[in-house]
Amino acid sequence: MIKPMSRIADAFWRAAAYCLHPRVIGLSLLPLIVSAALAFGLGYFFWEAAVAGVRATLESWSLIDGLLKWLDSLGAASFRTVLAPIIVLAMAVPALVVLSLLLVALLMTPSMVDLVAQRRFAGLERKRGAGFVASLSWSLGHTLLCVVLLVASLPFWLIPPLALILPPLIWGWLGYRVFTFDVLAEHASAPERRRLLAEHRLPLLLLGLATGYLGAAPAAIWAMGALTIAFAPVLILVSVWLYTLVFAFSSLWFSHYALAALQEMRRADTRAERAPDPVMDALPANYATAPPLDAEDPTPPPEIENRPSPL
């Protein structure tokens with residue numbers, strides 16, 4: 001386990017350095033533009049309807065309505081006004097996280113994997129074990145499963161310890177499955193990819209968990225109470241940008257780790273294919289090979305007649 005951990009640390013620092021590359025900075029703008037445009041478009045057309053629907057749902061629950069009336073009697077009538085928008089924003093943040101991860105995986109990861117391969121693994125053979133359709137299907141399938149898990153776990157978010165564990169764990173699992181597949185799609189064959197996922201499951205899961213907590217960090221900008229409603233357009237843009245940067249870094253982290261592991265696995269397989277033979281390895285490759293020319297004597301030596309050995 002020490003060697004995988006050292007490889008994770010090495011990949012971390014390499015990924016951090018690659019984030020300063022102009023190509024990576026330029027690529028990070030594309031998911032930002034797409035996700036920001038989608039978020040503002042949905043907010044423009046559906047924000048008021050979503051807030052009204054959540055408010056009507058809350059008021060239809062007798063327990064919540066009684067709690068809100070009790071708060072009104074205490075002079076906290078403003079809480080009724082901001083509760084529904086806060087709930088809508090709280091439900092939109094996980095969707096932003098999943099959307100940013102999916103866009104980075106589809107729009108940025110192939111180019112960043114190619115960048116890492118060109119600069120560090122130029123001699124690594126590309127076996128193209130999965131194409132774009134397979135990568136898209138894999139990403140969409142796991143994303144849908146992640147959304148189901150997030151929705152199913154929402155009631156547990158009200159428990160403070162679980163609220164700090166469940167979302168990063170789910171996002172980390174999604175990043176581990178999506179980024180590893182996309183990183184290995186170009187260079188590894190299907191059997192190599194399955195083998196590497198099996199042999200490095202724990203280190204890759206730990207890497208995914210770390211990126212999950214990194215992905216949860218930008219959500220802290222929404223912890224400003226009622227101010228989040230007033231600054232929601234700006235906060236959405238900032239959060240999308242932060243999520244894009246975090247997942248771009250995560251993609252580079254997975255690229256350095258997975259390609260290094262693939263290279264080492266192939267080298268180990270190459271060494272294992274040829275079993276050492278102590279008798280044949282001790283013999284010269286060709287006993288009839290002429291000796292090399294002497295630099296001071298340009299005259300070639302006489303040809304050695306290749307006769308069968310009397311033995």
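Basis for what follows: all heavy atoms, side chains included, without hydrogens, waters or symmetry-related copies. Keep in mind that what you see is a predicted model, and the values were worked out from it rather than measured. Residue numbers run from 1 in the order of the sequence given.
Neither Y213 nor L202 shares a network with the other; the hydrophobic side chains, linked directly or stepwise wherever heavy atoms of I, L, V, M, F, W or Y lie under 4.5 Å apart, form separate groups for each. Clustering ILVMFWY residues whenever any of their side-chain heavy atoms sit less than 4.5 angstrom apart, transitively, puts L38 in the very cluster that holds F45. Cluster annotation: W173 is connected to V178 through the hydrophobic network of ILVMFWY side chains, with a link wherever side-chain heavy atoms come within less than 4.5 Å. Neither I33 nor F40 shares a network with the other; the hydrophobic side chains, linked directly or stepwise wherever heavy atoms of I, L, V, M, F, W or Y lie under 4.5 Å apart, form separate groups for each. Residues L103 and L144 are members of separate hydrophobic clusters, defined by side-chain heavy-atom contacts under 4.5 angstrom among Ile, Leu, Val, Met, Phe, Trp and Tyr.
Under the 3.5 Å distance criterion, with hydrogens and angles disregarded, a donor-acceptor pair is assigned to the side chains of T109 and S251.
A260 and R120 make their closest contact through CB-NH2, 4.2 Å (heavy atoms, listed as atom of the first residue, atom of the second, distance). Residues K127 and S189 come closest through the heavy atom pair CB-N, 3.8 Å. In terms of heavy-atom proximity, C146 sits nearest to L174 at SG-CD2, 3.6 Å. Between A258 and L184, the closest heavy-atom pair is CB-CD2, 3.9 Å. Pairing each heavy atom of R23 with each of S111, the nearest pair is NH2-O, 3.5 Å. For the pair R193 and A188, the tightest heavy-atom approach, listed with the atom from each and the gap, is N-CB, 4.2 Å.
Residues satisfying the side-chain hydrogen bond (donor to acceptor under 3.5 Å, both in side chains) test with R201, not counting sequence neighbours, are none. Considering only residues two or more places apart in sequence or on other chains, R128 meets the side-chain hydrogen bond (donor to acceptor under 3.5 Å, both in side chains) condition with E186. Judged as a side chain to side chain contact (heavy atoms under 4.5 Å, CB included), and not counting sequence neighbours, I25 has no contacts. The side chain to side chain contact (heavy atoms under 4.5 Å, CB included) test applied to P22 returns no partner, not counting sequence neighbours. For V116, the side chain to side chain contact (heavy atoms under 4.5 Å, CB included) test picks out Y18, F121, L252, S255, H256, L259, with sequence neighbours left out. With sequence neighbours excluded, no residue satisfies side-chain hydrogen bond (donor to acceptor under 3.5 Å, both in side chains) with H187.
Summarising the geometry, atom CD1 belonging to I170 is positioned 5.0 Å from atom CG belonging to L149; distances are rounded to the nearest 0.5 Å. Between atom CG of residue L196 and atom OG1 of residue T180 there is a gap of 8.0 Å, rounded to the nearest 0.5 Å. For the atom pair CZ of R195 and CG of L262, the computed distance is 10.0 Å after rounding to the nearest 0.5 Å. Going from atom CG of D10 over to atom CZ of R14 covers 4.5 Å, rounded to the nearest 0.5 Å. Distance check: L207 CG to F12 CZ gives 10.0 Å after rounding to the nearest 0.5 Å. Rounding to the nearest 0.5 Å gives a distance of 11.5 Å between CG of L214 and CG of L245.
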>> V104 vs T244, test: side chain to side chain contact (heavy atoms under 4.5 Å, CB included). Steps then yes/no.
In response: CA-CA 7 Å; V104 168; T244 301; 4.2 Å; yes
>> Working note: D182 + S139, criterion side chain to side chain contact (heavy atoms under 4.5 Å, CB included); need CA distance, chi angles, decisive distance, verdict.
In response: CA-CA 9 Å; D182 289 339; S139 299; 3.8 Å; yes
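In this structure, the side chains of M108 and L30 stay at 4.5 Å or more apart for every pair of heavy atoms. When side chains are defined from C-beta on, E192 counts as touching R266, because their heavy atoms get closer than 4.5 Å. Between F254 and L204, the closest side-chain pair of non-hydrogen atoms falls below 4.5 Å. Counting only heavy atoms from C-beta outward, the side chains of V246 and T211 never approach each other to under 4.5 Å.
Residue Q118 places its CD atom among more than 12 non-hydrogen atoms of other residues, nucleotides or ligands, all under 6.0 Å distant. Counting heavy-atom neighbours within 6.0 Å of W138 CH2, excluding the residue itself, gives a total above 12.
Taking the ring centroids of W253 and F249, they lie under the 6.0 Å cut-off.
Taking the six-membered ring for Trp and thresholds of 30 and 60 degrees, Y257 and H200 have ring planes more than 60 degrees apart, a perpendicular arrangement.
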